[in-house]
Asks: 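Before we start, here is the structure in question, set down as structure tokens.
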Amino acid sequence: MEGEGCEHVFSASNDLASTIQHSTRFHHHQAIEQHFAFWNADKYAVLSTFLWNHYRAAAEAVHSLTAELNVLKMEFDITDGTFEKFHEQEQHYLGSLKELPVRNNLHIRYVHVLDELADKNCKWGLACEAANMALSDVLPGNLADMSTTLNKARVRVDTAYQ
């Protein structure tokens, strides 16, 4: 985790407290400075060893894999230019994967349209049912109410169908 290295450094420096608690201010500073100087030197040595070991391993891998690659190049009649061509082909292939194939896009759009159709059919059915039920509340012979109710039903059906 982030900051754990600092935690280890300061945790180790806590051990200084017992050894310098009765010393002068000068000796406090001197002990703390020496502690961190030794800490840095130790970490630098460990880091140097780590880098050297990994560099050696990488150099050995490059040497052995280069020899192996040369054998494979002769065996399969491959040149360095072939690898560049392979790389270009791979880039083209991966670039083509950024978008779905047209057929897949059509399938996806078809499903969306089917969902829209089902939604519209549901709204149309509700509007038709409301239109058919609209006249049930109008008294027979009241032509003005019938006309108003039918206009409202027509507007509802029209808006549901659009």
Asks: Would you check, one step at a time, whether the test side-chain contact (heavy atoms from CB on, under 4.5 Å) holds for Q30 with I20?
Replies: CA-CA 10 Å; Q30 185 180 33; I20 62 172; over 6 Å; no
Asks: Going from CD1 on I78 to CG on L69, what distance comes out if it is rounded to the nearest 0.5 angstrom?
Replies: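 Output value for this atom pair is 8.0 Å.
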Asks: Working to the nearest 0.5 Å, report the span between OG1 of T19 and CD of Q21.
Replies: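 Nearest 0.5 Å value for the OG1-CD distance: 8.5 Å.
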Asks: To the nearest 0.5 angstrom, please state how far the CG atom of L51 sits from the CZ atom of R56.
Replies: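 The CZ atom of R56 is 12.5 Å from CG of L51, to the nearest 0.5 Å.
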Asks: With a cut-off of 6.0 Å (strictly less than), are more than 12 heavy atoms of other residues, nucleotides or ligands near NZ of K73?
Replies: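 Enclosed: over 12 neighbouring heavy atoms sit under 6.0 Å from NZ of K73.
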Asks: So, H35 side chain and L16 main chain: donor-acceptor pair closer than 3.5 Å or not?
Replies: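 Looks like no, no N/O pair under 3.5 Å.
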Asks: Assign the ring pair F83 / F86 to parallel, tilted or perpendicular, where the plane angle (0 to 90°) is split at 30° and 60°.
Replies: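 Rings of F83 and F86: perpendicular, over 60°.
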Asks: Using side-chain heavy atoms (C-beta onward) and a distance below 4.5 Å, is E68 in contact with L65?
Replies: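 Result yes, sub-4.5 Å side-chain heavy-atom pair found.
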Asks: Is a side-chain donor or acceptor of T148 paired with a backbone partner of A144 at a separation under 3.5 angstrom?
Replies: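 Yes.
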Asks: Could you check whether any side-chain heavy atom of S48 comes within less than 4.5 Å of a side-chain heavy atom of Y44, counting everything from C-beta outward?
Replies: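 A side-chain contact under 4.5 Å exists here.
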Asks: When you look at L94 and E90, which way does the side-chain contact (heavy atoms from CB on, under 4.5 Å) test go after all the steps?
Replies: CA-CA 6 Å; L94 292 174; E90 182 181 29; 3.9 Å; yes
Asks: As an exercise, state the distance from CD of E116 to CG of L114, rounded to the nearest 0.5 Å.
Replies: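 Interatomic distance, E116 CD to L114 CG, rounded to 0.5 Å: 9.5 Å.
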Asks: So, taking the atom named CD1 in I32 and the one named NE2 in H29, what distance separates them when rounded to the nearest 0.5 Å?
Replies: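 Those atoms lie 7.0 Å apart.
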Asks: Using a 4.5 Å cut-off on heavy atoms from C-beta on, say whether the side chain of V111 contacts that of D115.
Replies: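 They are in side-chain contact.
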Asks: In Å and rounded to the nearest 0.5 Å, what is the CG to OG1 distance from D77 to T82?
Replies: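 Atom-to-atom, D77:CG and T82:OG1 are 8.0 Å apart.
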Asks: Is the charged tip of K43 near the ring of W39: under 6.0 Å from the six-membered ring centre and within 45° of its axis?
Replies: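 Geometry flag: set, cation within 6.0 Å and 45°.
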Asks: Only one of H92, Q91, K85, H87 forms a side-chain contact (heavy atoms from CB on, under 4.5 Å) with Q89, so which one is it?
Replies: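 Filter result, single survivor: K85.
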Asks: Quick check against the 3.5 Å criterion: does H28 have a side-chain atom that pairs as donor or acceptor with the backbone of S23?
Replies: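 Between the backbone of S23 and the side chain of H28 there is a qualifying donor-acceptor contact (under 3.5 Å).
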